[in-house]
Amino acid sequence: MTTSTTDSESAIIQKGLDKASFAVLITDVSQKIIYVNQAYERLTGLPASEVLGKTPKINQSGRHTDAFYQKMWQILKEHGYWRGEVWDRRPDGSFFLKQLSIEAIRNDQNEISHYFAFFSDINEQHQSHEALERITHYDPLTDLPNRILFHNRLRHEFNISNRHNARTGLLVLNIDRFRLINDAFGFSFGDELLIHIAKRLKTRVRSTDLLARKEERNARDADLVSRIGGDDFSFILSELRYPEDANVVARRLLSVFEEPFIINEEEVFLSCSIGIAVYPDNAKDEEILMGCAETALEAVSADGKGGYRFFSDDMNRKSAERVRLETRLRHAVTNRELMLYYQPKMDLETGHYTGMEALLRWPNPDGGMTPPDAFIPLSEDTGLINPIGRWIIHQALHDTCTLNQQTGKNYQIAINLSARQFLNHGLVSVIEDALKKTGINPELVEFEITESMLIDKIDDAQTAMKNIRQLGVKLAIDDFGTGYSSLSYLKDFPVNTLKIDRSFIAAMVCGQKEMEIVHAVISLGKAMELQVVAEGVEQTHQIELLKNAGCDLAQGFRIDRPMPFNLLLDSLK
């Protein structure tokens, strides 16, 4: 304080220091404490009566060396100030890290007369920052991300979609006639209902999707202008394979409202409407994409509310087709309409069949077949792959036992696993049960997995493979060469077989370079003591080239086409 400061001004300054949120400490030139404020007492746990007349060493932590303090005072004397982080200790023995600033105060003769220090608990700063972040980015009612965080994430997902050549889905969900709830029961009732709705919605989205309640929406609906009355939710669906995949999530969200909500012993039935837009198909700008989703939402409302709609008519048509296909598939599973076809594998050295691969087929009433790439991805998205996969494993092992019993041979069976099956913790139990029920030799059973399934989750894949191999069955990497495996990982995978992808087999007759690639894969398999199988063999000279290259087995139309079990049995008897 300067000599020109009045007593009144000094009192004001004193009061301001006492009320400051940060700790203040003043010492004389000999470092004796002459003043501490209330924040100092709170942060250090030391009352003023115990520290006045003493030095700041009273709460040193012992975590800093003498050299640390010597350097601090050297800088303070040379520059007149020091700033940094210092550990201190409270009387109860707890440590805290403080952000400390020390200023040297000089008198009229330019001599140091006092030291002025102020500090704050860094942990408290972080907590305050986190609290501010939550207030800024989260809805205080539902604790969901708000519109600000939602838009930040949406921009981020656009960037991811661009890098991965994928799509981002945007769903806008509105609770139908929610204003009636507020009018009938009051805003407090409506708030409690929104909390329950948010909790249910969070259970229906994938872990990679983002759900947000939009609080500051300048949209067309006037009843969605405040936090109390806001009943609009948005969903980001990351990395969609196809635009129409969004309807799987939309239908899960609609199911949230199939059961009533119980609020204050009142039973409330609700419905919702959902508008869907897809980046970049509908728009490449977040605001425009939001407008597309809201336009689709308005179309649902115009049709009488309840349900969902894509922004484009083409997407609506594809969505309807997908829904119909799923319905048909569910009936097919229930009515056991699915079939297994078997494609034989031939030993290139002897020319004899050694086994076959089980392939799923879905016959149509008109005598045709629904393409596997049309319904297998759908079965994975809907979870139907688990019951279907269980049936495939049991049926394939049963058919193989029947084949071996009637032929007197030991044909091997290969079964494809989807990504969802492979990482399902119940898979081992399914395989173990099928092995016990059929009594088949586990060494005659091989499960095929693709490279991409291994690379997506390395640790989980290794654990799953280890558990499967412990049952005595074999593992094959299918479509080898089309994924992103590295040799450092491949050598650690407990596999028995490499299957060369059909694209390499088809191309190897085109030139020397393509043939060298096939040779390299075969050499790699042999070096790792793996059996090598070529798939997609459709020409006679391919058989000769593969045989000369040292490939073990081959399958394809030139060897034999996939066939129902009865035809396979007749051909191998």
Main-chain N/O of [Y] paired to [X] side chain as donor or acceptor, under 3.5 Å:
X    : Y    : value
S273 : G306 : yes
N282 : V278 : yes
N424 : R420 : no
D245 : Y242 : yes
R469 : P494 : yes
Q421 : S418 : yes
N264 : E266 : no
N37  : V24  : yes

*Do the charged groups of K499 and E357 touch, with an N to O distance under 4.0 Å?*
yes

*Run the salt-bridge test on R309 and E298 with the 4.0 Å N-O cut-off and return the result as yes or no.*
no

*Taking salt bridge (Lys or Arg N to Asp or Glu O under 4.0 Å) as the test, write out the residues that go with R200, two or more places apart.*
none

For [X], I'd like to know if atom [atom1] has over 12 heavy atoms of other residues, nucleotides or ligands within 6.0 Å.
X    : atom1 : value
H398 : NE2   : no
E259 : CD    : no
R155 : CZ    : yes

Calculate, to the nearest 0.5 Å, the distance between atoms [atom1] and [atom2] belonging to [X] and [Y] respectively.
X    : Y    : atom1 : atom2 : answer
T370 : N364 : OG1   : CG    : 3.5 Å
E286 : I288 : CD    : CD1   : 10.0 Å
F565 : Q395 : CZ    : CD    : 8.5 Å
F447 : I468 : CZ    : CD1   : 7.0 Å
E446 : I449 : CD    : CD1   : 10.0 Å
L378 : R322 : CG    : CZ    : 5.0 Å

*So, for D231 and I175, which heavy atoms are closest and what is the spacing to 0.1 Å?*
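The pair with the smallest heavy-atom distance is OD2-O, 3.1 Å.
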
*Where V300 and I274 come nearest, the two heavy atoms and their spacing*: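 That would be CG2-O, 3.5 Å.
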
*Stepwise, does the salt bridge (Lys or Arg N to Asp or Glu O under 4.0 Å) test hold for R179 with D183?*
CA-CA 6 Å; R179 174 178 286 181; D183 292 342; 5.2 Å; no

_R90 to F95, cation-pi by 6.0 Å centre distance and 45° axis angle_ = no

*Honestly, is R328 close enough over W362, meaning NZ or CZ under 6.0 Å from the six-membered ring centre and within 45° of the axis?*
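Because its charged atom sits under 6.0 Å from the ring centre and within 45° of the axis, R328 does stack over W362.
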
*Test item: I392 and I415 side chains (from C-beta on) under 4.5 Å apart, heavy atoms*: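 Side chain of I392 against side chain of I415, heavy atoms only: contact under 4.5 Å found.
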
*Test salt bridge (Lys or Arg N to Asp or Glu O under 4.0 Å) applied to E244 and R167, step by step*: CA-CA 11 Å; E244 55 269 23; R167 293 175 168 89; over 6 Å; no

*Under the side chain to side chain contact (heavy atoms under 4.5 Å, CB included) criterion, do L254 and C272 qualify, and how do the steps go?*
CA-CA 7 Å; L254 290 174; C272 74; 3.4 Å; yes

*Take K98 and D88, measure what salt bridge (Lys or Arg N to Asp or Glu O under 4.0 Å) needs, and give me the verdict at the end.*
CA-CA 7 Å; K98 66 184 183 183; D88 270 359; 2.5 Å; yes

*Determine whether the side chains of N162 and Y279 contain a donor N or O and an acceptor N or O closer than 3.5 Å.*
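Short answer, yes.
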
*asked:* Below 30° counts as parallel, above 60° as perpendicular, anything between as tilted: where do the rings of F261 and F257 land?
replied: tilted

